[in-house]
Every structure is written in structure tokens, then in C-alpha cells.
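Notes for the one structure printed next.
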Amino acid sequence: MMKSYHEWRHVFKLDPAKALSDEDLEAVCESGTDAVIIGGSTDVTDENTLEMLMRVRRYSVAAALEVSTISSVVPGFDYYLIPSVLNTRQVTFLNGLHHRALKQFGHMMHMEEVLSEGYCVLNPDSSVAQVSDADTDLDEEDIVAYARMTDQLFHMPIFYMEYSGVYGDPKTVSAVNDVLGKSQLFYGGGIERPEQAAEMAAYADTVVVGNVIYDNLKQALATVKAVKEANGQTHQA
Ligand code: 1GP
């Protein structure tokens, strides 16, 4: 049964540019995770995105595309997640690509499938930080202000704390959780063990697990149960 994004506690993020065997993909999709997000910062094409979508569609799990380039948008996903990088130095990544996409495709988009993400990029060494030219020199107050901007100023459905590749600071995630109202808090970055997934699940509405799928599938799969059994203190719990 496909779960609406409001119900997502745990999601796996698959990079369409990375190889994953059929057996491993089955384990990911049948793990009990709430959704599979397909997305990456480099080498994402319409071919590898479509191929990954078709493979994920063998299973009943919800499938979302996190759009990083307009040319890799393909139809058939349950949701389209559109990041706006709040701490970019270049307006292109805040609203420029979005403007171009809406100009070209706005008339044919199903907006009920589209979710905007207020994206706060927090690991300076990540591809996403480099591609989006993000200013990651932020303290907790800066990050909380971006959370308020997403929730109370721009009214975006998702605030995404993107530590991609490194494990973030649970105290900061907790501080963000404290100020969010309607925006759903996504946490992603550096989760390698179930204990870390559980720790972040205490504060984040949705925990995103990526790289460890490719590095240690067994540990990746163990994060599902850890999140589901975590005691959520989230603002939406
Ligand atoms: C990346 O937030 C996700 O976009 C997950 O991060 O790959 O570090 O798990 P990791």
C-alpha cells in the first residue's frame, strides 16, 4: 500500500548513477521502508532515472523523484520533490531552475504530486554542497532561521537537513524540530548504524538513509526497524 508522504518515517534514497543488484534492490524495497527516493547530485540522466523507476515499480513501495536536473524528470513517480537550496550563493539553485521548469512545463504539471523542499545543505565536502555552491558555515541559530523561513515564511511542506555523507548534530536537529509547525522535518546524512537512525528519528519526522545501502546493506536494512521503533518526540508525532 503506497504511503502518503505525511506518513513517511523512514525512506531510502537511491542514486540512479550507482549500481545495485536486483537482489539488493528487492531487499531495499521490501524492507518495510515507507518510500524510495531516487536522486543524486551527479551523473543523473533521464535514462538511469527511468531505469531505476521501472525496477522500483516491481514493488508496492512509494517512489519519489528528487529533481536535480530538469532533463532527468520522467513521468510515473508518486511524488516529485523539488529542492530549493536556502543557503546557496547562487539564485539558480534557490529558484532559477524552478522558474525555468515552470515556464516550460508548468501547464502540464500535476501539482498535487509536487512537494517543495526547503533544503539546508550542511556538509561542505558533499557533492550537493559543491554543485549548489552552498554556504555551509552556519551555526544553530542560522539553521533554525532557515527552518522558520521554510515553515513560517515560505510555507513549504518539507524542511530538509542535508548532511549528505556525514552524521549531523542531533542537538541541532532537535532545535529545528522545536520551531517547525507544519513543515515536515527530513534528516539525511551519514547514517551507518541503526542506533544513529533511532537517534535522529527522535527529532526528525522522516529519516533518509542513502550511502550505507551501497556500503553495508545489512546495516542499512537494520535502520528501518530502528526508526519504526524509535520514540519520536517530533513536532508532528
Ligand atoms: C543524501 O540525505 C541523503 O541526499 C542521505 O545521506 O547518503 O549520507 O546517507 P547519506
Side-chain angles (χ1 to χ4, degrees), residues 5 8-20 24-25 27-28 31 33-44 48-49 52 56 63-69 72 77 79-88 93 115-132 134 136 138 143 146-147 150 158-170 172-173 176-177 183-201 203-224 226-227:
Y5 78 97
W8 297 353
R9 282 287 280 147
H10 179 284
V11 308
F12 279 123
K13 194 183 277 192
L14 294 176
D15 186 336
K18 285 191 186 166
L20 193 66
D24 290 357
L25 183 68
V28 165
S31 64
T33 190
D34 299 312
V36 170
I37 296 175
I38 295 175
S41 303
T42 48
D43 303 322
V44 177
N48 60 24
T49 301
M52 189 55 87
V56 169
L65 177 65
E66 188 165 68
V67 178
S68 52
T69 52
S72 69
F77 283 90
Y79 290 105
Y80 293 84
L81 309 180
I82 316 287
S84 281
V85 180
L86 302 169
N87 56 326
T88 178
F93 297 101
L115 299 171
S116 62
E117 299 175 316
Y119 226 72
C120 195
V121 175
L122 296 163
N123 172 13
D125 299 323
S126 61
S127 308
V128 57
Q130 280 154 23
V131 168
S132 67
T136 58
L138 305 175
I143 298 168
Y146 279 129
T150 297
I158 295 165
F159 182 67
Y160 195 131
M161 297 180 74
E162 174 60 292
Y163 283 91
S164 182
V166 293
Y167 189 62
D169 179 2
T172 311
V173 182
V176 165
N177 175 45
S183 297
Q184 187 163 330
L185 177 54
F186 278 38
Y187 169 85
I191 292 180
E192 292 175 340
R193 299 191 308 275
E195 300 76 33
Q196 293 172 321
E199 184 172 44
M200 288 305 181
Y203 309 115
D205 300 303
T206 306
V207 174
V208 184
V209 176
N211 272 329
V212 72
I213 298 167
Y214 304 94
D215 298 339
N216 187 336
L217 182 65
K218 202 165 163 237
Q219 288 288 74
L221 296 173
T223 63
V224 178
V227 168

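Note that ligands are numbered from 1 as they come in the structure, with each ligand's atoms numbered from 1 the same way. Nothing here was measured: the structure is a model prediction, and the numbers come from that model.
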Between ligand 1 and the protein, find all N/O pairs closer than 3.5 Å and give the distance for each.
from     : atom 1 : to     : atom 2 : distance (Å)
ligand 1 : 2 (O)  : Tyr160 : OH     : 2.7
ligand 1 : 2 (O)  : Glu162 : OE1    : 2.8
ligand 1 : 2 (O)  : Glu162 : OE2    : 3.4
ligand 1 : 4 (O)  : Lys13  : NZ     : 2.7
ligand 1 : 4 (O)  : Glu162 : OE2    : 2.5
ligand 1 : 6 (O)  : Gly189 : N      : 3.4
ligand 1 : 7 (O)  : Asn211 : N      : 2.8
ligand 1 : 7 (O)  : Asn211 : ND2    : 3.4
ligand 1 : 8 (O)  : Gly165 : N      : 2.8
ligand 1 : 8 (O)  : Gly190 : N      : 2.8
ligand 1 : 9 (O)  : Gly210 : N      : 2.9
ligand 1 : 9 (O)  : Asn211 : N      : 3.4

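Taking 4.5 Å as the limit, every side-chain heavy atom of Tyr187 sits out of range of all side-chain heavy atoms of Thr206.
For the residue pair Asn48 / Lys18, no side-chain donor-acceptor distance below 3.5 Å is found, with atom types taken as modelled.
When the ring-ring contact (aromatic ring centres under 6.0 Å, His included) test is applied to Phe93, no partner is found at least two apart in sequence or on another chain. Listed by chain and residue number, Phe12, Thr33, Leu221, Val224 satisfy the side-chain contact (heavy atoms from CB on, under 4.5 Å) test with Ser31 (two or more places apart in sequence, or in another chain).
Residue pairs satisfying the salt bridge (Lys or Arg N to Asp or Glu O under 4.0 Å) criterion with at least one member in residues 116-128, sequence neighbours excluded, are absent.
Judged purely by atom type and a 3.5 angstrom limit, Asp34 uses its side chain to pair as donor or acceptor with the backbone of His10.
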